[in-house]
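The structure under discussion appears below in the form of structure tokens.
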Protein chains: 2
Amino acid sequence: VNTPVGNDAGGMNGQRAPVQPQAPVQLQALFTPRSIALVGATDKSGWSLNTWANLRVHEFDGPVYLVNPRTEVVHGQRAHRSLSGLPGPVDLAYVMVPTGAVLDVVREGADAGVRAFVILTAGFGETGPEGARREAELVAFAHERGLTVLGPNGNGYINAAAGITPYGLPIPVPLLRGPVGVVLQSGGLASAVLSFAQARNLGISLLVSVGNESLLSVTDVVGHLVDDPATRVIALFLESIRHPDEFAAVARRALAAGKPIVALKVGRSATARHTAQAHTGALTGDDAVIDSVFRRLGVARVRSLEDLIITAGVLADLTRDGLADGAGPLAGNRLGVVTPSGGASEIIADRAEDEGLELPPFGAATTEALTAMLPAFADVANPLDVTGYVVVDRTLLGRALEIVVDDPGLDAVLLLADPLRDEPADPALAQAVLAANARRIASAAKPVVVVSNALTDITPVGRKYLAETGYPAVVGGIEHGLTAIGAAARWSQARRAAATPAPAGAYPATAYPATAGPATAGPVAPDGAAGIWAEDRAAALLARYGVPVVPSQPAADEAAAVAAAGRLGYPVVVKAAGLAHKSDSGGVRLNLGDQAAVRDAFRAVQAVGGPVLIQPYRTGGIELITGVVRDPAWGLMLAVGLGGIWVEVLQDAALRPLPVSAAEIECALSELRGSAVLRGARGAPPADLTRVAEVIAGIAAVATALGDRLAALEVNPLLVRGDQVEALDALITWRD
Amino acid sequence: VNTPVGNDAGGMNGQRAPVQPQAPVQLQALFTPRSIALVGATDKSGWSLNTWANLRVHEFDGPVYLVNPRTEVVHGQRAHRSLSGLPGPVDLAYVMVPTGAVLDVVREGADAGVRAFVILTAGFGETGPEGARREAELVAFAHERGLTVLGPNGNGYINAAAGITPYGLPIPVPLLRGPVGVVLQSGGLASAVLSFAQARNLGISLLVSVGNESLLSVTDVVGHLVDDPATRVIALFLESIRHPDEFAAVARRALAAGKPIVALKVGRSATARHTAQAHTGALTGDDAVIDSVFRRLGVARVRSLEDLIITAGVLADLTRDGLADGAGPLAGNRLGVVTPSGGASEIIADRAEDEGLELPPFGAATTEALTAMLPAFADVANPLDVTGYVVVDRTLLGRALEIVVDDPGLDAVLLLADPLRDEPADPALAQAVLAANARRIASAAKPVVVVSNALTDITPVGRKYLAETGYPAVVGGIEHGLTAIGAAARWSQARRAAATPAPAGAYPATAYPATAGPATAGPVAPDGAAGIWAEDRAAALLARYGVPVVPSQPAADEAAAVAAAGRLGYPVVVKAAGLAHKSDSGGVRLNLGDQAAVRDAFRAVQAVGGPVLIQPYRTGGIELITGVVRDPAWGLMLAVGLGGIWVEVLQDAALRPLPVSAAEIECALSELRGSAVLRGARGAPPADLTRVAEVIAGIAAVATALGDRLAALEVNPLLVRGDQVEALDALITWRD
């Protein structure tokens, strides 16, 4: 199976066939067939051998028909000549025939009453125009007959919850059932994901290799998992997101349902970013857009297979008792840490800072209780090292935990404790200690996450002791464990934010809307909205919507210019305001102190062309740049940054999908590397960030209101002097 | 055992007793005793039980005497009353008695002929002044009698190579012997380190828990490991580096010997950095200094226990056949990647970029050979996905590897292949494939690193197949594997750099020298070197050493000022050049265009005080800041950055220990986030980086030459206009 690589290798070149997502009932049928036919089964194919073995080993309890027109016996069983002549009905056909024969097989199956197909065969859209044509035929036929098709060019699925495993690659044993649903755009990773999850003692509900997504997309499967009672967390491996609007919608639904999505999205590296920049514009490399969109949607982005599974496992554990509407499992990011080792606490402190987790000092009552309980030489502080005295008193760690979980200043507690790897010398003692801690954790008023020192397998012995003592999952190592806890804190925050009603006021602050639908059509673009609007029209439009814009007076001749300057007060600026890049072409004259200078400037600027505007000359303050650009995949994105070198050299911009609240913009401004400048570094008066955010929210709201025709809206500079915020220039680009 | 936390908790408050490192022969004796006494052995102590069990389980083959004056039987054995009445000689006393009794035990042991001690007991320097006094007594006695002492407050050591394991915490079985020496400042991490190494199928030579380092320091043990034939790589867990000069010396020795050091140094987080900034100065947070020093010394810094062991394992593998003088195992950072999965190749591409590894396109011959060999639908590119056709043809991956290793444009090849976890269906086939690939890897002309998809244990089955087929070590997962390969590339680079002779010319460019010894005394500070030297004296001194400084003329009165301005050319600057912060106090007047302005300015500036200098007024160009500060631990450090906001707001500075070559400074400048400004961003003429680096190297050389008395030397700004580089202001701070 040739897995497509990169953004442009998608089966349909990123174009989805014009079809609605498949109905949930069809997916349910696809994933729970009572009988399966393996079409193209042969002893010569590893895929056939694997699929057959998987169905047998994992005890699929319905009939499996092996179909091969050219032989009597396959895999030691009687083979059938075709889908049409089988002794019983077939709920799912797993198709491994050569590319050219696929459509015929599907036709024959449809005629014989088969409604669901997995197509493993490659050679479709991923190979070029000829393959794309074949794929389009297949799609058209499936639509016509209302078939459910997974693939082509996918390895199938593993329904661990139901013990149904039509999958073309080996499945490691034991296959553990559990709360994590997995969707892969690269089916070849399934073995690695399953082995790793098994080593973490973490079970899966359903794993799906989506292949070319020609009919069933990642989004469809995620939608199924959101509704699947066996699934608490959804883990994704993504190369590209083919249907951004659907993805956003289903992610919102998952967030509302309290089912976290964790995603390993590849394409961070230069080659991929290069491609992205070509179609997204300078400020918004695709990958930064993905980060910003995922954050809004509460999708936890990770960078490794280990983090994908470990983070999913922690979130599964934290959501095991369900969540109240709009609540996250972590009420905040304040973490208490209980360990038996000074070294480990320091590693944890470093990693917690990386993840934006706070380790606040313990409250007075906690400190007092710990001091009374621990040996005199213990240093009572968060992170807590209960001291090596645990070697003498094995209950020390658990008793410290019991005190720390009651600290009202903490949102969660990390307990550092390695699971058993081998049979202990004193099994009864080990069991008693584990059971006591399990009870403490179960009865704690806040989440306790147990983390081991380093990432090693949960061994069969360890698994047995954990199960016997009712102990929670043990997270694999400090490094990945802190990543997971950080992700859980951010997911909790995103869930709260999504559930918070928009503040009263002008600016929409609700969830991220579908971008391709009519929702963004808004109050429409003005007449003449085409091409590029330079300052004269763009600034006027912004002013009309209430954005503060520098005062401006048109001047038709020298006398009018002088009169305008007199009214505005010297010094002034004279601009050829109808030009898009007027500075470059000599269309701007700054800091004009008297009438003569204004007359000179008027003549020069008029010669450059277009309407002439007179404005007061501003000095001092901080220049911001605010841009709204339409990302081809994700719709309007707001980018804010400090002007000049900040954006141009440092690419120091913060992104947010629209719509966006003023509060969120304030948060974005504080993320800038140069945010100290806004807070008054280098002697400038500090900016009134609330006012700045309010103005930017207004600009963003205008962009949203301008609707589908807007390609980009840029205010550069937006001048900030304390609480005075003014747009000094603006540019709007329309699309056809 | 209470492990000290943080920088200030060191047993001796960071002050080393005035003693030379212990002689190698003494360390050899400490780590290879033929007989051991456990003093304070008792059934009531977990440490005693653990140590006794460890010596038994890991088959120490000499006598072990249990010493306890108050009981007849301990651990089921006959106990002895004291060290003086034992039936045979004792090479090592392992001391677990109460704190107050430790010195008496050591005295008694010394009298009875014991030369080496491990002191597990806590309650010394780590607990405060009283403990520090006790520790000083112990140290003094040990010096007096020439004893070798490991600890106090340490867990002992594990000599896996020799099967000698006096260690107070449980040692996981099996204890694998191998090439990695481990030194821990937190002995509590030993179990985690050993378990993890075992799960990686990686053996250790010697593991040492150093405790308070009152006699034997980390540095001493590292020195021993550099000479130890059983050790190829040294892994360190560090909380603080108590003896920077010794550490630098032994790290240089390790680099020259071709034994990589990998270090997990904690203290990256805010709390730790805060402390550091208080004593290091604004530009050089301690942690950044550590980064810069480690880089120079070729010490690979990692941030997790997983990376500590995995990176050590990769380096052990890459150095297994020895290295030529001054050569690294990787000739460069060009990596070829061979995988059976598109998804995995993309994860690898992203991670390779993080690590500064290049994945260049394959050469024409490689591409041609791969195209001929692989299925038609394969996309022949680096990283290579040989396609899922491996399911049909298991030799595909190995044959692709055989082609790729011959590509002359690659320095190393990563083969993605999971080890077996369980017995395969067809053992003979599995063995044949592994053996064939093992042969290909062994005969490859460049290093091949085998990496698994995710980090799971090497199971006993996996271990058996690897051993039987002569297969190399399999690195645990893409995430940590790429960290390790990146570290190997940087270590190779550091080793080459350390072996490269300094270029002919003025500036020293050899290895990093000891900073506390006489080597840096240099040509001494000038007369009157005390307090702060403002521009008048600092700039003159720099000019004397050949640093280009803006022309400057002193003026005693208005007439002289006007005359000087005439000679220099208008506009000029008038400065009260004897003041350290002259801008703040009104001691600088810029951009003076005529005689009247110069007269006015002279009067005003003279009123502020000190000698007055006249200089030409410079405009345009790029302002750099160059500072040399004396780090209390590591000596003189050069910091370079862009002036203004860059340093003040962004803390965008690059650090290098002195001495430093111009080439290295050019490299430091290119690391700045704002380096695009130097290359001509925003319309400025690009800086002549070679010239800039040369001038900065000159400034650094002056700082070195000024010797021990120099506290800091700052040139701010250093103005760069193309190839014109000029110091516009300077400040020197002397120390007593």
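Chain A is the first sequence line, chain B the second, and so forth, proteins listed ahead of strands; every chain is numbered from 1.
The CZ atom of B:R268 sits 8.0 Å away from atom CD of A:E353, with the distance rounded to the nearest 0.5 Å. Taking CD1 of B:I310 as the start and CG of A:L455 as the end, the distance is 8.0 Å to the nearest 0.5 Å. Annotation: the span from B:D385 atom CG to A:S186 atom OG amounts to 7.5 Å, rounded to 0.5 Å.
In terms of heavy-atom pairs under 4.5 angstrom with chain A, the leader among B:A454, B:G131, B:G123 is B:A454. Counting heavy-atom pairs closer than 4.5 Å to chain B, the top-ranked of the candidates A:I478, A:V391, A:T459 is A:V391.
For chain B, no part of A:L184 is nearby; none of its heavy atoms comes within less than 4.5 Å. Neither the backbone nor the side chain of B:L49 comes within less than 4.5 Å of any heavy atom of chain A. Only the side chain of B:L264 comes within less than 4.5 Å of a heavy atom of chain A; its backbone N, CA, C and O stay farther away. Contact of B:D457 with chain A is made through backbone and side chain together, with heavy-atom distances under 4.5 Å. The part of B:D354 that comes within reach of chain A is its side chain, from C-beta onward, which places non-hydrogen atoms under 4.5 angstrom from that chain. When heavy atoms are compared at a cutoff of 4.5 Å, A:R303 approaches chain B by way of both its backbone and its side chain. At a 4.5 Å heavy-atom cutoff, B:D393 makes no contact with chain A through either its backbone or its side chain. Both the backbone and the side chain of B:R351 come within less than 4.5 Å of a heavy atom of chain A. Contacts of B:R394 with chain A are absent, with no heavy-atom separation under 4.5 Å from either backbone or side chain. In this structure, chain A has heavy atoms under 4.5 Å from both the backbone and the side chain of B:I347.
Looking only at side-chain heavy atoms (C-beta outward), B:R421 and A:S195 come within less than 4.5 Å of each other. Residues B:R673 and A:R673 have side chains in contact (heavy-atom distance under 4.5 Å, counting atoms from C-beta outward). In this structure the side chain of A:F196 never reaches within 4.5 angstrom of the side chain of B:N453, judged on heavy atoms.
When all heavy atoms of B:L189 and A:S341 are compared, the pair lying nearest together is CD2-OG, 3.9 Å. For the pair B:S304 and A:E479, the tightest heavy-atom approach, listed with the atom from each and the gap, is CB-OE1, 3.4 Å. Heavy atoms only, all atoms of each residue included: A:D350 and B:K265 are closest at OD2-O, 4.5 Å. Shortest non-hydrogen contact noted between B:D418 and A:A192 is OD2-CB, 4.3 Å.
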